[in-house]
Number of protein chains: 2
Amino acid sequence: MPRDLRMSRILHVLIHMDRHVARATSDQIAGMISTNPVVVRRMMAGLRDRGIVTSEKGHGGGWRLARPLTEVTLRDVYEAVGAPVLFNVGPTAEPSDCLVEKAVDARLDSALREAEARLLTQFAAIRVEDVVQDFERDFADHVKTQGERRVCGGHTPDGDAG
Amino acid sequence: MPRDLRMSRILHVLIHMDRHVARATSDQIAGMISTNPVVVRRMMAGLRDRGIVTSEKGHGGGWRLARPLTEVTLRDVYEAVGAPVLFNVGPTAEPSDCLVEKAVDARLDSALREAEARLLTQFAAIRVEDVVQDFERDFADHVKTQGERRVCGGHTPDGDAG
DNA sequence: CCTTTCGCAACAGTTAAAGTTTCGCGCCTT
DNA sequence: AAGGCGCGAAACTTTAACTGTTGCGAAAGG
C-alpha cells in the first residue's frame, strides 16, 4: 500500500469528468475523491500546465478537460504530478569513496533503472481512455447483475447528480 | 520519507565481512556504514532469522557470515529486511465502491505488480557474490591506476584494519 | 565480578504527500 | 459598482516509514 495516491486520484477525476461532469469545481472534485479543494487544486495545477485540463475563475468557473482522454496517457499523468520518485528502496543518495559501496549501488541502480524504464514505458502505452473502457465493461456487468445504475458519490453515467 | 537504504547498506556490510573482516561487532559495522550499532542490529536481525549471518554475545562476540555469498541473492536480502513496499506510488490502499476507482486501481495495480514481479525476479538472479566480483574488478583497476590499496573506512582488502 | 556485546523497548528526527486555514485576485451576476 | 463564486498561493499541521539515539536487560567470558 504505497503512499503517493495522486495518479490514482487524478485518473479517477479525469474519468468522472469525461463521463459524468463536463465542468467541475475543486469542491465537487474534492467530493469525488474524499478530500478538500486545496488538495485538488494542487494536483490539477500540473495537469493544467500540461494542457490536459483548463481552469476558470468566478461564476461558472471550475475545471474542464482540454483534450480527449484518448490523448492522455498514464505517463502524462505521472509527469503532470511532478514525476515523483517511483521506488521506495534504492542505493544511498550520494556517491561514496568506498569501492564496495560503489559496486553495490551500481548494481542496485542498474536493476532499478531498468525496472523504472519498463514501468514508464508501460505507463506511456496506457491511455486514460483505456481505463474508461475497463470501467464501461465493469459498469455494464454491474447494471446487468445488480440493476444498479449509480457509479459512486451520487454520480450517474448519464449526467451530473451533484 | 527518505528512501529505504537497508538493502544497499546490508550488501555493503556483507561484502566487507566476506572480504575483510570475518567477525565484526555491531559497533564496527556501524562504522562501515556511518550509523550506530542499534540500527545495525535492527537490520541484521532479519538476516540472522534467515540463516544468512549468526550473532554471538559477550567477549569475542559479534556477527559472522553463516554461508558463502554465492548462496545469498539480492532477493534474500530484500526479504530479510521485511520485504518492504517497493513502490512509492500506487492505487488507494482500500478498495472503494466506486466502479471508476476500481477500474483505475485495477490498471495501476496490474502495471505495478508486473514491474514488481520483474524486479524481484532480477533480484533473485543476482547473487551477492556477483557484486563482490564487480568490486574486485573495480578494485584491481583502482590499484592499477592510482596505486591506492585502501577500500574505505580504514579497511584494506587483506585484513581488518579496525 | 565486571566488561563486552547483543536484544529490546521507547522516543525524537527526517522527508514528502496529504490535510487545513487563510489570504488575495479575477470573473460573473445583480 | 457591489458581492459572492471559485481559482491561486502561502503557511502551517498531520501522517507514515525508515533512521537515529538512549537506556536497560541478558548472556558470554576473563
In whole Å, what is the span from the [atom1] atom of [X] to the [atom2] atom of [N]?
X	N	atom1	atom2	result
A/Trp63	D/dC7	CH2	P	7 Å
B/Ile29	D/dG20	CD1	P	15 Å
A/Arg3	C/dT15	CZ	P	13 Å
A/Gln28	D/dG6	CD	C1'	11 Å
A/Glu56	D/dG8	CD	P	11 Å
A/Asp27	D/dG6	CG	C1'	9 Å
B/Lys57	C/dT3	NZ	P	19 Å
A/Met7	C/dA17	CE	P	14 Å

Parallel, tilted or perpendicular: ring planes of A/Tyr78 versus A/Phe123, cut at 30 and 60 degrees: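 Answer is tilted, since the angle falls between 30° and 60°.
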
Could you grab the distance from atom CG of B/Leu99 to atom CD of A/Glu136, nearest 0.5 Å is fine?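 Taking CG in B/Leu99 and CD in A/Glu136, the distance rounds to 11.5 Å.
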
Salt bridge or not between A/Lys102 and A/Asp105? Use side-chain N to carboxylate O under 4.0 Å.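 Salt bridge: no.
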
Residues from residues 35-49 of chain B lying under 4.0 Å of DNA chain D - heavy atoms: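 Residues of residues 35-49 of chain B that come under 4.0 Å of DNA chain D are, in numerical order, B/Thr35, B/Asn36, B/Val38, B/Val39, B/Arg42.
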
So which atom in A/Gly51 and which in A/Arg67 form the shortest heavy-atom distance, rounded to 0.1 Å?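 Looks like O-NH1, 3.5 Å.
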
Shortest non-hydrogen contact between B/Cys98 and A/His16, atoms and distance: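 So the minimum-distance heavy-atom pair works out to SG-NE2, 3.6 Å.
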
Between [X] and [N], is there a contact of a side-chain N or O with OP1 or OP2 at under 4.0 Å?
X	N	value
B/Arg6	D/dT19	yes
A/Ser26	D/dG6	no
A/Ser55	D/dG6	no

If you look at every strand shown and take non-hydrogen atoms under 4.0 Å, does A/Gly62 touch a base, only sugar-phosphate, or nothing?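 The answer is sugar-phosphate, as A/Gly62 gets under 4.0 Å only of primed atoms, P, OP1 or OP2.
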
Would you check if the side chain of A/Thr145 reaches a backbone N or O of A/Asp141 as a donor-acceptor pair within less than 3.5 Å?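 Checked: pair present.
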
Would you mind telling me which of [options] lies closest to the side-chain atoms of [X]?
X	options	answer
B/His59	C/dT3, D/dC18, D/dC7	C/dT3
A/Leu5	D/dA28, D/dC18, C/dA18	C/dA18
B/Arg9	C/dA17, D/dG6, D/dT19	D/dT19

Under the criterion side chain to side chain contact (heavy atoms under 4.5 Å, CB included), I'd like the reasoning laid out for A/Val21 against A/Met32: C-alpha separation, chi angles, the key distance, then a yes or no. CA-CA 11 Å; A/Val21 284; A/Met32 296 176 191; 3.4 Å; yes

